[in-house]
Amino acid sequence: MTTTPKPRVRFAPSPTGLLHVGNARTALYNWLFARHTGGQFILRIEDTDLERSQASYETQLMEDLHWLGINWDEGPSWDGLPGEGDHGPYRQSERLALYAEYTERLLAEGKAYRCFCTQEELEAERTHATQHHGPHVYSGRCRSLSQDAIEQNLAAGKPYAVRLKIEDRPLRFHDMVRGSVEFAAETVGDPVLVRSAIGGAAGLSKNEAGGVPVYNYVVTIDDALMDITHVIRGDDHISNTPKQVAIYHAFGWPVPEFAHLSTILGPDRERLSKRHGATSISTFRQMGYLPEALANYLALLGWGAEDGKTETFTLAELVPIFSLERVTPSPAIFDFDKLNWLNRYYLKLADPERVAKLAERQFCQHRPDIFPLWSSSELYTAEALAVLASQDPPIHLNRPSNTLIALRKEWFARLLALFVPAVDHLDQLPAKAAPVLGFNPESARRDPENAAILAADSARSVLGELAGRVRTHSGFVTPDDFKEWMKEIQAATGIKGKELYHPARIALTGAHSGPDFDKIIPLIEQGTALALGITGVRERIEQFVGV
RNA sequence: GGCGCUAUCGUCUAGGGGUUAGGACGUGAGAUUCUCAAUCUUAAAACACGGGUUCGAUUCCCGUUAGCGCUACCA
């Protein structure tokens, strides 16, 4: 026995849509297996469905993989890089010419035969099978056609498909996730390898369809030609596998190992789809999920560490411990809550500057009235600087160039420090930060919970007292000022606790709950001073009470 | 209809002939706080059912049930 060669695995998506979490997980497991074993990870684009394939999807797909941290050793050229590897081409559409010679070989060796059956005849067989509770497989009628009959049909120009002769013995293969799997030959039937002109194929007219090889045939040849040793894919391919195994047998090629990954389901136990919310990688990205969170979650969905306890892994940590033997065969329900937990975890760990960049994009999209922050050319004033410096924590002017921008970045970093821990994913940030950025007084009053709080007599008194103090106050407001007011109002009215704070909080932030006043007030006043279009504390209370 | 795959807390899972069946998310309670989030502590929560095998099965075998997939000259 020679030493076992390094594994070669492939991820073979069709560019017919956005990369879906299920496929992404398949890609991830392939990648992890390759990296773990020191093997090769190959990307092959199955773009032969001319009708549905789009070049833009192909690009997006590669971008999504890249974003997740999955790179490939061989694959189509991308992003200016030439295609790598000596097993190309890596786009199936560029391989079409390859298959004919293999079909000739099978025909010549008598391992495949021409089938002249019409659609109607096949349909009739199927109905008959249903009536007799048998499997819906081809009877093999054209297997035993005499040479004369074949010549005659050919001469008559009858369209034909090419079918593989399935030998009458069980078709079994080894699955690294499920163990040995076996299919009886009679439940498989002689599969079509090459379509006839009557068959029709996606994107082709009936006449063009003649001679077009079928998916099961093409993948098998591609996998064999690319020296794929381990086929890791979704479990919807299990029933295709016996046909593929028969093709390997017919050519005398070594049968690879298989690993069929279970389906990912939605909370209702149906196959995960757009119906359940976000499912494509690019959507998760837009929503402000971190790639490491998604990759970690996907790794955990159907696989667990040996200790049964560790839950958080970087890709680098995953590589040495990942194994297909530990992959669970049962279907898994996609749990958005757990993904969110992981995302919060990684958000806490992530470099603040990186988070700031991602967050800024979200603000630009959702609050164009206030963001972008850094483009303004307005100058700061002496008063503004005073506000920045005297709040706690102060923002000091300490950079000679780009000063306003530097100050704003500092402010933004503090805003994020306050609100990022409160979100599951970054696109929730603009809404969460509304207490600082500003709010609509009317809709704040209309909120049912707010309305209930505001309806109380005590709330009216508090707001009246507060407005009075705001009016006589000059200059900006500090948390100490605010504390002082609350103390005075409590002394004057006897109102305290929630009855005191909730109305005040609504007047200031539009919501009855949120971060500490100590944090909010400096951010508001500093934001106002930085000309961010944020209404100051005094103004917003006056506005609110005046409504 | 046929064939195949699957079955441990609500969810993801660990485990494995004798265990207090472990962890995580989520949920409940408590601490903290005017409140929310975060954080910490804590609680509740599972071996689908029926037969075997066995001194003993959640674990092994067989059925049942349920879910899912394939059943095409789609990919």
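First the proteins, then the strands, lettered A, B, ... as listed; each starts at 1.
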Is the NZ or CZ atom of A:Arg114 both under 6.0 Å from the centre of the six-membered ring of A:Tyr160 and within 45° of that ring's axis?
-> yes
Identify whether a stacking contact exists between A:Trp341 and B:rC25, where the ring centres must be under 5.5 Å apart and the planes under 30° apart.
-> no
Scan A:Leu418 against the nucleic acid and name what it touches under 4.0 Å (heavy atoms): base, sugar-phosphate only, or nothing.
-> nothing
Identify whether any heavy atom of A:Ala332 sits under 4.0 Å from a base atom; if not, whether one sits that close to sugar-phosphate; answer base, sugar-phosphate or nothing.
-> sugar-phosphate
Identify whether the distance between the nearest side-chain nitrogen and carboxylate oxygen of A:Lys165 and A:Glu167 falls below 4.0 Å.
-> no
Name the nucleic acid region contacted by A:Phe517, choosing base, sugar-phosphate or nothing; use a 4.0 angstrom heavy-atom cut-off, strictly under.
-> base
So what does A:Lys432 touch, heavy atoms closer than 4.0 Å: a base, only the sugar-phosphate, or nothing?
-> nothing
If you take atom types as modelled and just measure distance, does the side chain of A:Glu270 reach the base of B:rG67 with a donor-acceptor pair under 3.5 Å?
-> no
Checking all strands, does A:Tyr215 fall into the base, sugar-phosphate, or nothing category for heavy-atom contacts under 4.0 angstrom?
-> base
What is the distance from NZ of A:Lys243 to P of B:rC3, rounded to the nearest Å?
-> 15 Å
Under-3.5 Å donor-acceptor pair between A:Arg178 side chain and B:rC5 base = no
Find out whether A:Leu466 and A:Val545 are in side-chain contact, i.e. whether some heavy atom of one side chain is under 4.5 Å from a heavy atom of the other.
-> no
Nearest-angstrom distance from the residue atom CD1 of A:Ile238 to P of B:rC3 | 16 Å
Does some side-chain heavy atom of A:Val462 sit less than 4.5 Å from a side-chain heavy atom of A:Glu499?
-> no
Taking side chain as C-beta onward, heavy atoms only, is A:Val231 less than 4.5 Å from A:Gln244?
-> no
By nearest nucleotide on RNA chain B, pick out whichever of A:Glu311 and A:Pro515 is the more 5' one.
-> A:Glu311
For A:Arg326, which contact category applies under a 4.0 Å heavy-atom criterion: base, sugar-phosphate, or nothing?
-> sugar-phosphate
Start at the 5' end of RNA chain B and walk down; is the nucleotide closest to A:Arg25 or to A:Glu182 reached first?
-> A:Glu182
Rounded to whole angstroms, how far apart are CG on A:Asp337 and C1' on B:rA24?
-> 13 Å
Which part of the nucleic acid, if any, lies within contact of A:Lys309, taking any heavy atom under 4.0 Å across all strands shown: a base, the sugar-phosphate backbone alone, or nothing?
-> sugar-phosphate
